[in-house]
Structure formats: structure tokens, C-alpha cells
Amino acid sequence: MKKIKKGIVFLLFAILIVTQIYPLFWLLLYSLKTNEEILGGSFFSFPAAPKWTNYKEAYEAGHYLQYLFNSVFVTGVTMLFVILLSSMTAYAIARFKWKYGQVVMTVFLLGMMIPLQATLLPLMFIFKNIPSVLGLDNFHFHFYFINIHFAWKIINTHLSLILPYIAFQTPIAVFILNGFMRSIPHEIEESAYMDGASVYRIFRSIIIPISVPPVMTVCILTFINIWNEYILAATFISSEKLKTLPFGVYSFVSQYSVNYGDIGAFLVLGALPVIVIYFLLSEKITKGMVAGAVKG
Amino acid sequence: MNVLKVPARTIAVFVLPCLLLYVCLVFIPILVSLYSALLDWNGISGANFIGLANFKTMLFDDPVFWPSVRRTLLYAVFSMAEIPICLMMAILLNRYVKRANTLVSIYFIPVILSVVIIGQLWKTIYNPASMGGMINGILNSLHLTSWTHSWITEPKIAMFCLYFVSLWQYFGYHLLIQFTGVQNIPSEIYEAAKIDGADGFKADRYITFPMVVPIFKISIVLAFIGSLQAFDLIMVMTGGGPANATETISTYMYNMSFLSMKYGYGSALATFLVVICLVFTVMINFVFKRIENKVS
């Protein structure tokens, strides 16, 4: 009886592996097939000979490296600023004596409930108009031999992604870091304070090094969210050379519909960085995502 | 010393950069959106102040609006219905499978992939067999040709195909959260219960379920809020079509704002979205507080 029960349970989880992973494996096979194999073949068949040229063509036709670089840049800068800004704020809320600490915290918590899409249109409007309101959209400065001329714009630059990304990741980051920092024993800071260390010094040399675990959680959450973000990028970016990977993959797929295998290959290439990172750090990532969910 | 007494300037240095960025990029846009919901505005020519007319049209005269709301809520219902299943799976995993962690991290892979990849992958899976679609291919090889559909281009079933992809992608996420919750219940409790004659499902009834309520709540909230904002996947797969059949509140807002250029009307929809997100978050928390009080 017990054996049968166990057997059923195993069967269940085996089926689940198939449903969860087979579509991804299918994509891999798909990306190595010729058009004829894709159109004529059955749902489960290996390509007669793996057609690696699909990858070569996809790589050459799309701007894969450019997209990848843009994603690395945007995600990296966002992560850096999220950590820096939110840890400072979290520390101030956790430890400083001031009236408005809880008010600030509430403001951040409130923001966690605001859906990102609702800000798309106003952000578009703000980004379009800020440079001209500040008079920087067509800036001339002439003073004897000094000649400065520039036209500043936000829309269709990486700044238009990084700024909202930072803003939307800070609430959860402040929340997680604040929760951790409140639990740090006061004695450590006290002795440093007695020795004459400034607040900045305490923050830099004591608080940050202790807070590495929650900082890792924040890093992982920010990475997964920002790396995969598509809508903001698709709304604010139009130049080919500024697109991030998800948007790049999307435009490649929608423009390039001649060769199915190439599309499959580009999708695999698009998924590759995250998959590689996941294989290296799967335990950290799953733990971080759960911690983020539970604390959020 | 429980709190650091620091000059106001130091507090400003720690808090202001983060807070300003956040307020400017999240709160001000929402306020702008509230205001522009009162305008008749296409973004180019001047805006006319029309009071609540946009809301009136939205609630009473728009044939697309209420079906979108219904789809959004149905999305939420389906996503939440998945979670009890995930909890049962998590209990089974914890009881019968030795290397459950590995299994859970395999199920988790779809979660970390970008919605663009997932959406495009499932679009190809749903394709007609003549275009290499997987599902229709399976049905054909089972001689169930009459069951084949063009899935996401058929208005009647398109939305359900999208629900399914979303459930598929986030299955691993909720399973992981529930699994962590189940794992964290100390095994001594079960041992004690066994001595008292309760094991198997009896133990689940009296130990597991009450103890995972907080974690269960987290999954429910995440699923619920996530589906209210359901957006990226639909934009990638159908863009709200065919004939508005897969429109949700968010996608409708986006299409109105950025495709139909009805900025005022789009803002009214955005306002509605923000309001129901806030209302439902508060409501869910209230309901669960009552449940938790009853259980404990």
C-alpha cells in the first residue's frame, strides 16, 4: 500500500518535471532544426543534424552582444544605486533619532502597492518635458572662448530606464534592509561611537559589512526583476543600440520571421545568461526570491 | 543609546537622495495621472478639462472596460486557485522525496526567465501544426485533429491560453514558497503528534495547515496583486487582441494611452487600477488577519 502511494507521488513529480521543463527543452530542439523539420516534423523529434548555423545567423542578424551589454549596464547601475540609496535610508530609519522615520517608511510601503504600469504615461510625459522646462534641451553657453552647447534628453536614453528602475526597487530593498538593520545589536555601534567614529564611518565600516546577507537578497531580487523587465524598455527606448535584452529579443522575433530556427536560437540566446547564472547560484537565487517574497 | 542623535543635515544626506528619487518617480507620476484623468487630451494639442467625464464613460459607456475587469479578476481567481495545489505538492515533496530541494529548484527555472522568452516560447507552442506548434502537433499525432485550435487567435479560448501560461510560469514560484514554509515547521511537532496518534493527513489538518497560514497568505497576496497587474505576458503574446478578447485593465490602459493616444482616458484607467490595487491589498490583509486570529 505504502509503495503504491509512493509510486503515485513519484509519478506525479515526474509528470511535473515534464510539464515544467519539456517546453524549454523543446525550444532547444526547435532552435537546432531546419524550417522543414519544424514545419513538417512531429512534436517530439530530434533534428537530423543539429543546425548550428541557426545560432550563427541569429547572432549575426540580431545585435545580441549590444543587447547583452545594455542589459548588463542598466542592471548593474540599477543594482549599485538601489543598494547604496536604500541601505542609507534603511539605516536612517532603523537608527537615527528623528520624528519622521515611520512616515518615510509608510511612504515606501505604500509605494509597494502601486503598479508600475500606472506610472508609464505620466513618466513618459515628465521625461519628455523636464529637459525643456529646465532649459537644458537646447543649451547654449558662450563666454569669450568658452563655448558650451548641448541638448539634454531623457527619453530614449538608458537614464529613462535606470531612474524608474531604481525608484521601483527601493521600497522592497528599504523594507528588507531596515528589518535586518534593526536586529543588529546596538553595542557594536556604541563602542565605535565612543571611539569617536562618525556616523558615516560607522555606516561604511560596520553596518554595511554586517549587512551582506540582506544585501545579497536585494541584489538577487533587483537582478531578476530588472534583467527581465520589458515594458518600460519597450515604451521609453526606440534606438536599436540602446535596447535591453528582453526588448531586443522581442523586436528580433517580431521582425525576423523567415527562419523559425533562427528565432528559436535567438530565444535560447536570450534566456542563456539568466540560465547560466541560475545554474551557478541556484540556491542563493531561490533563497533570495523566497526571502524577498516573505518579507515583502 | 538606542538611537543615534545626528544633525538634521546628516539625516538629509542619508534619506533625501532615495526619498526624492522615489517621490519624483512614483508619487508625482501617480498624482499627474490623477489629474490628467480629468482631461480630454491626446498629448499633442491642448487639453480640455472635462471633470469626471472620463470616469463616467469608463464605468457606463465602454463595452471593453467591464469585460477587462472581469478577465483581470478571473486571472486573480485562477492564480489563487493554483496555490492550494502548490501547498499539497509541497507537503508531498517534503514527506516522500529525499532530494526535494533539487526538484524544487528545477521547477523554479521558468520563474527566472523573462516574460518575453516565455511569451514567445508559448506562442510557438500554441501555433498551428502547419507552423510547427507543439500542442496541435501532439493532438494530431493522437488523432484528435478535431481538438486542434489556433489557440491564442481564437477570441473564445485565447484568454484561457494566457491564464495557463501564467499558471505554468509561476507554479515553481509558489511551490518554492510553500515548500519553504512546510520545511520550516519543526519535525518535533510531527513526532509529538505521532505519539498522540496523529500522522498523515490528520497531522496535516491540525499541524501543517495552521502553521503555514502566514506563508499561504504571502502566496495568495502575491498571486492576487500580480494578476491585478497582469500585463507583460499579455502584451507579449496577444497585445490584448484578437478584438480585445484578452484585454485586462492594465493592457487596456496601455493600449488606450499609447496606441489610441487617449491620454486622459488612459489616465482614468490607470487611476482605477491603482485604486483597486490599494483596496484589494487592504482587504486581503484584513481577511487574513481574521483567519489568523481564528486559527491561533
Side-chain angles (χ1 to χ4, degrees), chain A residues 6 9 13 16-17 20-21 23-24 26-27 30 38-39 42-43 85-86 88-89 91-92 95-98 104 111 113-115 117-123 125-126 163-164 166-168 170 186 190 199 224 228 230-231 235 246 249-250 253 260 267 270-271 274 278 282 285-286 290 293-294, chain B residues 1-6 10-11 14-15 17-19 21-22 25-26 29-30 32-33 92 96-97 103 105-108 110 112-117 120-121 125 130-132 134 137-138 141 172 176-177 180 218 222 229 231-232 235-236 250 253-254 257 263 266-267 270 273-274 277-278 281:
Chain A
K6 225 172 174 181
V9 170
F13 288 114
L16 272 178
I17 287 229
Q20 294 306 104
I21 297 306
L24 301 173
W26 181 78
L27 179 65
Y30 190 95
I38 289 169
L39 300 182
S42 66
F43 68 96
L85 296 177
S86 56
M88 285 168 73
T89 306
Y91 183 58
R95 284 293 206 266
F96 292 175
K97 185 181 166 65
W98 55 311
V104 171
M113 295 182 242
I114 290 176
Q117 315 69 299
T119 62
L120 276 175
L121 185 62
L123 274 183
F125 179 70
I126 292 171
L163 286 177
I166 298 171
F168 271 96
T170 40
H186 289 273
E190 256 167 60
V199 186
I224 296 286
N228 290 334
Y230 157 72
I231 279 300
T235 312
V249 169
Y250 184 80
V253 172
Y260 291 98
L267 286 175
V274 161
Y278 186 66
S282 69
I285 290 178
T286 48
V290 170
V294 170
Chain B
M1 182 186 81
N2 270 332
V3 280
L4 289 165
K5 272 186 191 155
V6 291
T10 315
I11 296 177
F14 270 82
V15 177
C18 189
L19 191 64
L21 189 76
Y22 180 68
L25 291 163
V26 178
I30 294 292
V32 169
S33 168
L92 289 177
Y96 293 108
V97 182
L103 210 54
S105 55
I106 291 175
Y107 294 148
F108 195 72
I112 55 159
L113 291 177
S114 166
V115 165
V116 172
I117 312 265
Q120 293 298 343
L121 165 63
I125 289 178
S130 60
M131 283 169 71
M134 179 165 91
I138 294 177
S141 62
L176 175 71
I177 296 175
T180 316
I218 288 161
L222 285 174
Q229 304 177 6
F231 187 53
D232 309 36
M235 288 314 281
V236 170
S250 300
M253 175 212 74
Y254 190 88
S257 312
Y263 284 8
S267 300
L273 181 66
V274 172
C277 278
L278 292 180
T281 313

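These figures come from a predicted structure and were not determined experimentally. Throughout, protein chains are lettered first and strands after them, A, B, ... in sequence-line order, and every chain is numbered starting at 1.
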For the candidates I11(B), D232(B), L19(B), L222(B), which exhibits the highest count of non-hydrogen atom pairs separated by less than 4.5 Å from chain A?
I11(B)
Over all heavy atoms of both residues, which pair between A118(A) and S33(B) is shortest? Give the atoms and the distance, please.
O-OG, 4.2 Å
Flag the one option from I224(A), I231(A), V274(A) with the top tally of heavy-atom pairs under 4.5 Å to chain B.
I231(A)
Region of T170(A) in contact with chain B, defined by heavy-atom distances below 4.5 Å
side chain
Plane angle bin for F14(B) and Y91(A) - parallel if under 30°, tilted between 30 and 60°, otherwise perpendicular:
tilted
Portion of L267(A) that has a non-hydrogen atom of chain B nearer than 4.5 angstrom:
both
Would you say L25(B) and T119(A) make side-chain contact, with heavy atoms under 4.5 Å?
no
Checked I106(B), I112(B), T281(B) vs chain A; the most non-hydrogen pairs under 4.5 Å come from I112(B)
Close side-chain approach of L113(B) and L24(A), heavy atoms under 4.5 Å:
yes
Beyond-backbone contact of L121(A) with S267(B), side-chain heavy atoms, under 4.5 angstrom
yes
Residue part contacting chain B, namely of I21(A), when any heavy atom lies under 4.5 Å
side chain
With chain B, the option among P164(A), G111(A), A167(A), A92(A) that has the most non-hydrogen atom pairs under 4.5 Å is A167(A)
Options N228(A), V104(A), I114(A), ranked by heavy-atom pairs under 4.5 Å with chain B, top entry
N228(A)
Ignoring hydrogens and angles, tell me if any N or O in the side chain of Q229(B) forms a donor-acceptor pair with the backbone of Q117(A) under 3.5 Å.
no
When rounded to the nearest 0.5 angstrom, what distance separates CG in L21(B) from CG in L85(A)?
6.5 Å
Among P115(A), G270(A), S86(A), which residue forms the greatest number of heavy-atom pairs with chain B at distances under 4.5 Å?
P115(A)
Can you tell me if Y250(A) uses its side chain to pair, donor with acceptor, with the backbone of Q120(B) under 3.5 Å?
no
Check whether any side-chain heavy atom of L121(B) lies under 4.5 Å from a side-chain heavy atom of P23(A), and answer yes or no.
yes
Does any backbone or side-chain atom of I126(A) lie under 4.5 Å from a heavy atom of chain B? Answer side chain, backbone, both or neither.
side chain
If you count heavy-atom pairs under 4.5 Å between each of V32(B), I177(B), V15(B), V115(B) and chain A, which one has the most?
V15(B)
Can you find a heavy atom in the side chain of F125(A) that is under 4.5 Å from one in the side chain of P29(B)?
no
Given that the side chain runs from C-beta out, which part of V9(A) has a heavy atom under 4.5 Å from chain B: side chain, backbone, both or neither?
side chain
Distance in Å, Y254(B) OH paired with L120(A) CG, rounded so as to fall on 0.5 Å steps:
6.5 Å
When you measure from the side chain of Y230(A) to the backbone of M235(B), do you find a donor-acceptor pair of N or O atoms at a distance under 3.5 Å?
no
Answer key: most heavy-atom pairs under 4.5 Å with chain A among V97(B), L273(B), V236(B) is V236(B)
